[in-house]
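In what follows, a single structure is set out as structure tokens and then discussed.
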Amino acid sequence: MIRSLTRSRFRLPKPPLSIPRPKVVRQPFYRSIMAETLPPLSRQERETYGRMGTTMELFHNSFRQTWTILYNACSSGQRPAGMSIRQFLNTAAEFCHHLHMHHSIEEQHIFPVLAQRMPAFKKELELLTQHKEIHKGMDKLEAYVDECKAGKRELRMEEMKEIMDSFGKVLWAHLEDEVNQLSAENMRKYWSLEEVRRLPM
């Protein structure tokens with residue numbers, strides 16, 4: 001009897017069938033970097049990390065400049081001094097062509113690489129959605145300009161302005177948002193210096 005009491009008194013409870021263990025998730029480089037307080041960049045590091053943003057801003061400033069020429073003319077009803085109707089229409093056509101080409105290069109060669117780590121460049125998110133909205137208006141502008149050049153309709157500045165107004169806001173927001181995503185401070189969250197040097201641009 002003493003033996004049985006001793007055994008029952010000191011009998012250990014049975015362990016549960018399975019003990020859940022927390023999974024150890026190895027954070028990739030860019031996530032571990034984002035979780036840290038980043039030290040200040042040197043001038044050379046800032047230039048390297050900001051290389052894509054700086055290059056993109058050069059393209060975007062060219063688009064802003066041409067847009068402003070066209071839009072001011074449409075708003076005032078007067079073309080720039082010395083610019084013929086044909087030259088004005090050619091400027092508008094070239095603007096559309098160059099922006100189409102710029103977006104095509106981004107979508108085929110740049111965004112897919114950046115989207116591997118940077119959510120803003122994924123297909124379902126804002127930057128590519130902005131591309132689609134821009135192209136809706138830009139396609140209308142291109143068609144309007146082509147008809148004017150072909151003599152199928154008369155150029156009316158107020159009509160052209162209305163088309164430009166339909167996508168101007170999203171265009172200008174996009175030109176700024178894209179460069180902000182490619183800024184040095186943002187790029188360093190996702191890429192190492194060596195990786196940034198190999199990114200396409």
Side-chain angles (χ1 to χ4, degrees), residues 23-71 90-142 145 164 166-201:
K23 294 182 179 179
V24 177
V25 179
R26 294 183 180 274
Q27 295 289 342
F29 166 81
Y30 66 96
R31 287 185 182 170
S32 63
I33 286 294
M34 290 178 71
E36 298 175 2
T37 302
L38 299 172
L41 293 171
S42 68
R43 181 177 177 179
Q44 185 175 0
E45 289 171 336
R46 184 170 295 280
E47 288 177 356
T48 301
Y49 272 119
R51 176 181 61 90
M52 293 185 75
T54 300
T55 304
M56 192 68 74
E57 184 74 343
L58 293 175
F59 287 113
H60 287 188
N61 282 339
S62 176
F63 292 129
R64 290 186 184 104
Q65 183 179 11
T66 305
W67 172 278
T68 300
I69 291 171
L70 297 171
Y71 193 81
N90 284 340
T91 299
E94 288 171 4
F95 172 83
C96 294
H97 173 72
H98 291 158
L99 191 53
H100 268 300
M101 185 168 61
H102 178 75
H103 284 176
S104 178
I105 292 170
E106 287 180 337
E107 292 175 11
Q108 293 178 34
H109 303 289
I110 298 175
F111 282 16
V113 177
L114 297 176
Q116 294 173 21
R117 295 188 185 173
M118 303 177 75
F121 292 94
K122 292 184 178 179
K123 287 185 177 180
E124 67 275 13
L125 294 180
E126 186 172 2
L127 290 176
L128 275 167
T129 300
Q130 288 174 337
H131 275 195
K132 293 176 183 177
E133 291 300 314
I134 291 166
H135 287 188
K136 286 179 185 177
M138 191 163 60
D139 289 346
K140 292 178 183 178
L141 178 61
E142 195 168 30
V145 169
M164 295 181 75
S166 71
F167 69 102
K169 186 175 180 180
V170 66
L171 171 64
W172 281 74
H174 176 75
L175 296 177
E176 183 175 353
D177 292 346
E178 196 171 79
V179 171
N180 288 341
Q181 285 293 325
L182 297 174
S183 68
E185 288 299 334
N186 196 50
M187 292 294 286
R188 71 188 299 208
K189 298 175 185 177
Y190 301 94
W191 311 94
S192 69
L193 277 170
E194 185 57 36
E195 289 170 334
V196 165
R197 292 187 182 101
R198 297 197 300 266
L199 289 175
M201 176 54 76

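Every value quoted in this text rests on a predicted model; they were computed, and no experiment measured them. The first residue in the sequence is number 1, and the count goes up from there. Computed over heavy atoms, backbone and side chain alike; hydrogens, waters and symmetry mates excluded.
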Min side-chain heavy-atom separation [X]-[Y] under 4.5 Å:
| X | Y | value |
| --- | --- | --- |
| Glu94 | Thr66 | no |
| Phe59 | His98 | no |
| Asn186 | Leu182 | no |
| Met118 | Met187 | yes |
| Arg117 | Trp191 | yes |
| Met52 | Ile110 | yes |
| His102 | Glu106 | yes |

If you look at every heavy atom in [X] and [Y], which pair is closest and at what distance?
| X | Y | value |
| --- | --- | --- |
| Val196 | Thr48 | CG1-O, 3.1 Å |
| His109 | Pro200 | O-CG, 3.6 Å |
| Phe63 | Phe95 | O-CE1, 3.5 Å |
| Ala92 | Leu70 | CA-CD1, 3.7 Å |
| Val179 | Gly53 | CG1-O, 4.0 Å |
| Ala184 | Arg46 | CB-O, 3.6 Å |

Quick one: pull up [atom1] in [X] and [atom2] in [Y] and give me the separation to the nearest 0.5 Å.
| X | Y | atom1 | atom2 | answer |
| --- | --- | --- | --- | --- |
| Glu195 | Arg188 | CD | CZ | 14.5 Å |
| Lys122 | Gln116 | NZ | CD | 10.5 Å |
| Leu171 | Glu133 | CG | CD | 12.0 Å |
| His60 | Thr55 | NE2 | OG1 | 11.0 Å |
| Ile134 | Thr129 | CD1 | OG1 | 10.5 Å |
| Gln65 | Asn61 | CD | CG | 8.5 Å |

**Message:** Can you list everything that forms a salt bridge (charged side-chain N to carboxylate O under 4.0 Å, His left out) with Glu57? Sequence neighbours excluded, please.
**Reply:** Arg64

**Request:** Please indicate whether Glu47 has more than 12 foreign heavy atoms, meaning atoms of other residues, nucleotides or ligands, lying under 6.0 Å from its CD.
**Result:** yes

**Asked** Between the main-chain N or O of Asn180 and the side-chain N or O of Ser183, is there a donor-acceptor pair closer than 3.5 Å?
**Response** yes

**Item:** Aromatic plane relationship, His135 with His100 - under 30° parallel, 30 to 60° tilted, over 60° perpendicular
**Value:** tilted

**Item:** His131 and Phe111 aromatic ring geometry - parallel, tilted or perpendicular at 30°/60° bounds
**Value:** parallel

**Prompt:** Does a donor on one side chain and an acceptor on the other come within less than 3.5 Å for His174 and Glu178?
**Reply:** yes

**Message:** With a 4.0 Å cut-off on N to O distance, would you call Arg197 and Glu194 a salt bridge?
**Reply:** yes

